[in-house]
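The structure under discussion appears below in the form of structure tokens.
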Amino acid sequence: MGALVETLRYVISYRGTEGHWAWLLHRLSGLGIALFLSMHIISIFSVGLGPRVYNFLHEVLYVSAPAKVLEVFLIFGVLFHAANGMRIIVIDFFPGLGKYQRTIVRIELLVVILVFIPAAIITLQGVL
Amino acid sequence: MGISTFRWKTKYGQPNWERISWLYMRLSGLVMFLIVTFHLLYMHMVVRVENLTFQNIVDRWNGPYGLAWKTLDTALLIFGLTHGYNGVRWSIDDYVHHRGWNLVLKMLLYIVGSILMIAGALAIFVGPGSLV
Ligand code: HEM
């Protein structure tokens, strides 16, 4: 646990640039999606238990207003993690691109936000 | 680390599982990029989550493209769970250095992961409503 406290202190005091924040957001989004996926598999498992259980869980976990708001966060996390993961993969395979990585992170973030905005609007239609 | 320094084996000739897991994160990430993009576009934007009812799932899994849907869902289950939980394992190793707690947390992770893998596979292959 000491390591965790140490890391948290580091994360807020270390004056890293684009790569530091991209790494942090990649880890947080990855862990968040893994947590969501665990719940998601359980609710899909309930398909085997018939329509009553499944539809009840579906309504509470995915359709209720708080769930729709959480879905927007999930979509942002997935879009960022997918785009940033692709950046990591591409740079690992073409290390020459490494010297442009600060620019690449900025472009990536712009693309993520441009895709995220319409996705969020579509998701929240009928809720707001 | 880049792909050019990738080696399958350690300098002692054993398989280098940590590096292999590093490569696996990249390969599963590539595959998932395609599946997840489709999943977000189709399930969240076209069909919309509120319409993904029990009946919708039955229609897809038992419809004319049932095998394709089940293959896609199985791929997402396997890649998502192994990639995601390997990432959790990395994070545990990064933050929990006490040997005992590190072991306890990772054992828990493997147990929960195995249960979820079985539960997900049951849902896809046993058939809607037939677990009761
Ligand atoms: C959509 C396609 C995806 C791509 C392209 C992708 C890519 C990657 C890559 C390349 C890494 C390794 C990062 C590194 O070595 O520092 C990674 C880490 C990780 N991913 Fe993904 N991923 C994807 C989807 C997912 C999903 C669906 C989950 C959750 C179920 C997930 C959870 C994680 C976690 C927890 C880590 C560890 C983070 C860390 O060590 O900082 N990823 N991802």
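What you see below is based on every heavy atom in this structure, not just the backbone, and it leaves out hydrogens, waters and symmetry mates. Lettering of chains follows the sequences in order, A, B, ..., and the numbering in each one begins at 1.
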Proximal component of A:Leu35, with respect to chain B [non-hydrogen, under 4.5 Å]: neither

B:His83 and A:His81 aromatic ring geometry - parallel, tilted or perpendicular at 30°/60° bounds: perpendicular

Side chain / backbone / both / neither for B:Leu77 at chain A, heavy atoms under 4.5 Å: side chain

Which portion of B:Trp61 sits near chain A, non-hydrogen atoms under 4.5 angstrom: side chain

Side chain / backbone / both / neither for B:Val36 at chain A, heavy atoms under 4.5 Å: side chain

Pair A:Tyr54-B:Thr53, side chain to side chain donor-acceptor pair (under 3.5 Å): steps then yes or no: CA-CA 8 Å; A:Tyr54 175 86; B:Thr53 55; over 6 Å; no

Rounded distance [0.5 Å steps], CG in B:Leu81 versus NE2 in A:His40: 12.0 Å

4.5 Å side-chain heavy-atom contact, A:Phe45 and B:Leu116: no

Side chain / backbone / both / neither for A:Thr7 at chain B, heavy atoms under 4.5 Å: side chain

Atom group of A:Ile44 that falls short of 4.5 Å from chain B, counting heavy atoms: both

Contacting moiety of A:Leu49, where chain B heavy atoms sit under 4.5 Å: both

B:Trp22 side chain near A:Asp92 side chain, heavy-atom distance below 4.5 Å: yes

Check: A:Val127 and B:Glu50 side chains under 4.5 Å, non-hydrogen atoms: no

Which portion of B:Leu30 sits near chain A, non-hydrogen atoms under 4.5 angstrom: both

Greatest number of heavy atom pairs closer than 4.5 Å to chain A - which of B:Met25, B:Arg48, B:His44: B:Arg48

Chain B contact via A:Ile122 - side chain, backbone, both or neither, heavy atoms under 4.5 Å: both

B:Ser130 versus chain A, the contacting section by heavy-atom distance below 4.5 Å: backbone

Residue among A:Gly50, A:Gly85, A:Gly98, A:Ala67 with most heavy-atom pairs under 4.5 Å to chain B: A:Gly50

Winner by heavy-atom pair count (cut-off under 4.5 Å) against chain B, out of A:Thr123, A:Leu31, A:Val63: A:Leu31

Minimal non-hydrogen separation, B:Arg26 against A:Ile89, with atom names: O-CD1, 3.4 Å

Under 4.5 Å from a heavy atom of chain B, the part of A:Val47 involved: both

Atom pair CD1/CD1 of A:Ile41 and B:Ile118 - distance to nearest 0.5 Å: 11.5 Å

Contacting region of B:Leu52 [heavy-atom separation from chain A under 4.5 Å]: both

Region of A:Tyr62 in contact with chain B, defined by heavy-atom distances below 4.5 Å: both

Partner chain B: residue of A:Pro51, A:Ala82, A:Ser38 with the largest heavy-atom pair count (under 4.5 Å): A:Pro51

Interface residue of largest heavy-atom contact number with chain A, from B:Ile115, B:Ile124, B:Asp94, B:Val112, under 4.5 Å: B:Asp94

A:Glu71 versus chain B, the contacting section by heavy-atom distance below 4.5 Å: side chain

